Amino acid sequence: STITGIKFRTETEMICFFLTQTVMLFAAYTIVDMVISINEKNENKIFKLTLEVTDIQDANEKLIEYQEKIESTNEQINYQRIEMQRTNKELAQVNKETEAQTKVMSFMASTFDISKCIDVLTESIMETKAPKLCAIYTVPDEYINKRGNFTIKTNYTSVERRLRKDIESIYQDFKSSAHESKIYTETELNRFKFIGEANINAVAILPLIEGKDLYGIMLVASDSPHFFEKGLNYYEASVAEFNISVKNSKLYLMMQDMAHRDGLTGINNRMYFMQLFEAAVNKAQKDKSPISVALYDIDKFKTVNDTYGHLAG
């Protein structure tokens, strides 16, 4: 038999051929179907993976956005923490200054010893504000002091020595100005010889004034050129309290001096002598040392008073 050009010797060969073709077609169909099925499965997997990748990308973007928000929040928190630390530090300094001023005011109210008040005030400023130098100078005869009073607190020994020589001229130069607090920096510091080679980069001078009269100055110096950038309020408040203390002490000492003197002659009276005598006796007893008293009486002194007057007498 012959089919489409193919010759078969026997019918069995033909049947085998057909069976073989059928099996091959079935196998081919099966393979094609499997390939199609595998492709569909792969496409589904690819689609799912694509969706998952997209979801992961979205999640990553959200995560990055969240991280950025966290970083921004952390920066704000850190900034706020720094601000809080700065504020706490400033509050602590204010409390320290207030406490120091309260102690100084309390001490000034408890004594009329101006020299001790000056010492306590300068020491308080050194401890509270930590400048490199704090000094107060008062002129003679301001509160019944025969000589000018000068107190300086500093670790610069050479500066202290030079400033003691120059303080009077610094006071006189400042006296010729407007009597207002002034801060000196940079080239303005050249006017101060006492600085020398010391590392002082800022100087402030504040006037001590009673009424309209300048009776002294406060001088504060630092190695930082920005030491006074927040102003001189603390020092001016301290000076104001010191001015009040000097005024009260001056009134007290004047009244005390008037009580010790004879109104006619201006000579120390018997009451003052008794105070001095009592103190001398107590000291002699404490030291177990001798004490002597000499009393002079001028005969017929009345004639001197009658002839030349009691003031001359």
Side-chain angles (χ1 to χ4, degrees), residues 1-101 125-132 155 183-189 198-204 220-235:
S1 298
T2 302
I3 298 175
T4 62
I6 299 174
K7 296 180 179 180
F8 298 101
R9 287 175 295 179
T10 63
E11 187 176 349
T12 302
E13 287 182 354
M14 186 178 66
I15 293 171
C16 288
F17 174 79
F18 279 112
L19 287 174
T20 301
Q21 292 295 319
T22 302
V23 170
M24 290 178 63
L25 287 173
F26 179 76
Y29 175 79
T30 301
I31 291 171
V32 171
D33 184 64
M34 287 176 63
V35 170
I36 293 172
S37 178
I38 290 171
N39 286 336
E40 288 179 353
K41 288 180 180 180
N42 288 336
E43 288 178 355
N44 289 334
K45 287 182 179 180
I46 292 171
F47 179 73
K48 288 180 179 180
L49 289 173
T50 303
L51 292 177
E52 290 178 358
V53 169
T54 303
D55 292 339
I56 291 173
Q57 290 176 343
D58 291 341
N60 286 336
E61 290 177 358
K62 290 181 179 180
L63 182 60
I64 292 171
E65 183 180 355
Y66 181 69
Q67 288 177 337
E68 291 176 350
K69 288 181 179 179
I70 291 177
E71 289 177 357
S72 177
T73 303
N74 286 335
E75 289 179 0
Q76 292 178 1
I77 291 173
N78 289 333
Y79 177 77
Q80 291 175 354
R81 184 183 295 113
I82 293 172
E83 283 295 306
M84 287 181 64
Q85 290 175 348
R86 183 182 62 81
T87 302
N88 289 336
K89 186 176 180 180
E90 290 179 352
L91 287 174
Q93 180 64 24
V94 170
N95 290 335
K96 183 179 180 181
E97 292 175 4
T98 302
E99 183 179 356
Q101 283 186 325
I125 289 176
M126 290 296 291
E127 291 179 358
T128 305
K129 303 295 286 185
K132 293 299 179 182
N155 292 327
I183 299 172
Y184 302 87
T185 57
E186 298 178 352
T187 57
E188 294 177 312
L189 296 172
N199 186 29
I200 292 179
N201 296 304
V203 172
V220 184
S222 174
D223 56 354
S224 171
H226 308 294
F227 188 77
F228 302 106
E229 64 180 5
K230 293 185 178 180
L232 300 173
N233 292 339
Y234 178 80
Y235 307 98

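All residue numbers in this chain count up from 1 along the given sequence. Keep in mind that this is a model prediction, so the values were computed, not measured.
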Of all the heavy-atom pairs spanning [X] and [Y], show the shortest one and how long it is.
{"X": "Ala202", "Y": "Ser224", "answer": "CB-O, 3.4 Å"}
{"X": "Phe228", "Y": "Val220", "answer": "CZ-O, 3.6 Å"}
{"X": "Thr128", "Y": "Ala100", "answer": "OG1-CB, 3.3 Å"}

Point-to-point distance, once rounded to the nearest 0.5 Å, from [atom1] of [X] to [atom2] of [Y]:
{"X": "Thr22", "Y": "Phe26", "atom1": "OG1", "atom2": "CZ", "result": "11.0 Å"}
{"X": "Asn44", "Y": "Leu49", "atom1": "CG", "atom2": "CG", "result": "10.5 Å"}
{"X": "Ile31", "Y": "Ile36", "atom1": "CD1", "atom2": "CD1", "result": "12.0 Å"}
{"X": "Asn199", "Y": "Ser222", "atom1": "CG", "atom2": "OG", "result": "9.0 Å"}
{"X": "Phe227", "Y": "Asn201", "atom1": "CZ", "atom2": "CG", "result": "12.0 Å"}
{"X": "Lys89", "Y": "Ile82", "atom1": "NZ", "atom2": "CD1", "result": "12.5 Å"}

Going by salt bridge (Lys or Arg N to Asp or Glu O under 4.0 Å), name the pairs with one or both residues in [range], residues two or more places apart or in two chains.
{"range": "residues 39-60", "answer": "none"}
{"range": "residues 16-27", "answer": "none"}
{"range": "residues 64-74", "answer": "Glu65-Lys69"}

Is a side-chain donor or acceptor of Asp33 paired with a backbone partner of Tyr29 at a separation under 3.5 angstrom?
-> no

Of all residues at least two apart in sequence or in a different chain, which pass the side chain to side chain contact (heavy atoms under 4.5 Å, CB included) check with Thr73?
-> Ile77

What pairs with Glu99 under salt bridge (charged side-chain N to carboxylate O under 4.0 Å, His left out), at least two apart in sequence or on another chain?
-> Lys103

Could you tell me whether Glu127 and Lys96 have a side-chain N and a carboxylate O separated by less than 4.0 Å?
-> no

Check whether more than 12 heavy atoms from other residues, nucleotides or ligands sit under 6.0 Å from atom NZ of Lys132, and answer yes or no.
-> no

How would you list all residue pairs meeting side-chain hydrogen bond (donor to acceptor under 3.5 Å, both in side chains) that involve residues 74-88, not counting sequence neighbours?
-> Asn78-Arg81, Glu83-Arg86, Arg86-Glu90

